[in-house]
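So you know, we letter chains A, B, ... as the sequences are listed, proteins then strands, and number each from 1. Computed from a predicted model, the values in this text were never measured in an experiment.
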Amino acid sequence: MSKQGLAAAGAEENGTKSGLVKRPKKHQKKRQSAEFHAVESTKKTVNFLDDSDRKLTDTSSISKTSVKEVARQLLKSRMELPIWDAKNALLKKFRDNRVLILVGETGSGKSTQIPQFINECDFSREGCVAITQPRRVAAVNLARRVAQEQGSKLGDTVGYSIRFDDCSSRSTRIKYMTDGMLLRELINDPLLSNYHTVILDEAHERTLLTDMLLGFVKKIIKKRPALRVIVMSATLDAERFSDFFDGAEICFISGRQYPVQVHYTYAPEVDYVDAALRSVFQLHTQLPAGDILVFLTGQDEIEALESVIKDYSKQLPPNVPQLHVCPLFASLPQEQQMQVFQPAPPNHRKVVLATNIAETSITISGIRYVIDTGLAKVKQYNARLGLESLSVAPISQSAARQRAGRAGREAPGQCFCLYTEQDFEKMSKETIPEIKRIDLAQAVLTLKARGQDDVIHFDYMDPPSRESLARALEHLYSIGALGDNGKITDIGYQMSLIPLVPSLARALLSAVENDCVAEVIDIVSCLSTDSLFVSPQDKREEANEAWSKFRHKLGDHLTSLNTVRQYLSVNVSARKSWCQKNFINKRALKTVLDIRKQLQEHANRAGWNCTANDNYNAESVLCSFLHGYITNTALLHPDGSYKTVIGNQNVSIHPSSTLFGKKVESIMYHESVFTTKPYARGVTAIHASWLTEVAPHYLGRQSA
DNA sequence: TGGGGATTT
């Protein structure tokens, strides 16, 4: 494509060629093409490495040879990685620096090679190197690969550790793990003495857990001079990490690069989904082979666009290749997710319609063109009201670059932004770290349980607001995790050992006293993952009908208990069809069972009675929850609305609740979310009198 | 009468 690019082509030719594609009525009044103008990418804007890691994954042809032989053969391709040119220089840096910031794009090979280089250094003779990942799959896949490269059985020299699955042993020298896992290890090993080196990978993503680790690790190196730390980032914000670690040295790893030409629209596109639609067809009819990746904000949008594209592509003339559309979002069933990795059928061009999941979690090969709406759904937390909301917002410049980079993994590519260059300039430079956007109750409890009593002066790379910390402290106090002096209580410490959000951990501890552990475990497991209930738009009534046999008149908590118990009573071989028939999310249920098992093991270790009781006492179960939900309660007012017990705010029962439309004396709920108004989700009816019984310490103080 | 971006222990 010329410098003029798609813009001119689109503007001038699309009109005359518009016979190719008939637009539905609602689009007819709009301008017929998104107008682009091409902008040469500067090195700084688009600086991408090739996906060298991927070349190493194809070991199928040598799978029959011995492990050592595989390793020997892999070494050859490893040594071709750009990072190997720098190996000796890096080894010297590792020896000379206790803290190092390493910058290299995803796929440069740093995640696989750096730990192996470290393992060759003399300081690594004893102990293990930990390398943390924000996501479970990444930890497992990296460990698999590196085990192959090392010629070791997975779990031997090279292993991984993630929730529900520890594949490491005493002989493990290189351990991939999730951030959450290393954070958990801090409880029993506050100085991380098992590790000579800790590598924090993907630090640029700035997830809550990585940020917490950054703070802890900084604290630990002052107490443990032998510990080495490497912070790895794929973006150019290395100075911030360096500043955080008192001017630590920064290393850049270069690699082979594929340029990505970035195009912006001349004028803002009001309807970005429509603009995306037009762009897909413009690209398809005008640009050479190569798959297209479109970044959108959510499932609804993706499904809507998918059906329109499929519809339109029927009208493509026979001499033009067809379009093969693949949706991609987290809640998509696994089998359908796998479709994006399949090459398009002959004479087809693949179009992947994805959420942010394709920005970090999933890499698709064959993408040459990216269409970026510049938007994403972002969670925001209003600490003052204690309300979370999820809303569509512009992404950051660094996220936009990340998205564009998806076009240049294998060859030079192009990115078409559905916004103007001026809009790009107006975007914030970096994505706001998660720690500034979410409810911090669990994070604060985590800090306190690991000896960081003063959570305001913890060494945060980006400190959360005082208001947000205060809200979290208040919440923890309300459920008895903190005492009047703000220090963690015995109950709070026990809560921190349970892998649940504080409210649910509290419910479980109360269940021990109320002797209904098994029941509460089943319910908290459901509340710790995605909703079990899926309602397809076209089968809503049918789904509602199917769920009626699970419904409990007191509300959602006991309804999920019914659901789990009915599921467990079904023959293992019939469970899959049972889920289908009853509109139950199979994947979510599997997660529920994993969590349930982990909690049962915890209960057994703690010596709690966890025998299931079919004639359980509903009041005992619900009061256990109420201990965790003190701040999440509301009373019915004479006008028919619910107002929160604390703060007297309006809150409505969410339509997904079994109590929707019902009027009961008072309610407790799992969470409140702001969409069109404040809603309570996961709701159960309670007696107002229970409130004063359960939390006299808190409610008394509030009214005083 | 409404809506689950992505993660994790």
In whole Å, what is the span from the [atom1] atom of [X] to the [atom2] atom of [N]?
{"X": "A/Asn188", "N": "B/dT9", "atom1": "CG", "atom2": "C1'", "value": "13 Å"}
{"X": "A/Leu599", "N": "B/dT9", "atom1": "CG", "atom2": "C1'", "value": "10 Å"}
{"X": "A/Asp211", "N": "B/dT8", "atom1": "CG", "atom2": "C1'", "value": "14 Å"}
{"X": "A/Leu182", "N": "B/dT9", "atom1": "CG", "atom2": "C1'", "value": "12 Å"}
{"X": "A/Met181", "N": "B/dT8", "atom1": "CE", "atom2": "P", "value": "11 Å"}

What does nucleotides 2-7 of chain B look like as a protein-contact string, B for base, S for sugar-phosphate only, - for none, at under 4.0 angstrom between heavy atoms? BBSBBS
Tell me every residue that passes side-chain hydrogen bond (donor to acceptor under 3.5 Å, both in side chains) with [X], counting only those two or more places apart in sequence or in another chain.
{"X": "A/Thr658", "value": "A/Asp556"}
{"X": "A/Glu545", "value": "none"}
{"X": "A/Thr132", "value": "A/Asp179"}

Go through the structure and list residues passing salt bridge (charged side-chain N to carboxylate O under 4.0 Å, His left out) with A/Arg437, not counting sequence neighbours. none
Not counting sequence neighbours, list each pair that qualifies as a ring pair (Phe, Tyr, Trp, His ring centres under 6.0 Å) and has a residue in residues 489-512 of chain A. none
Which part of the nucleic acid, if any, lies within contact of A/Ile162, taking any heavy atom under 4.0 Å across all strands shown: a base, the sugar-phosphate backbone alone, or nothing? sugar-phosphate
Does B/dG4 count as syn, meaning its glycosidic angle lies within 90° of 0, or as anti? syn
Which value, rounded to the nearest 0.5 Å, describes the distance between A/Gln402 atom CD and A/Ile395 atom CD1? 10.0 Å
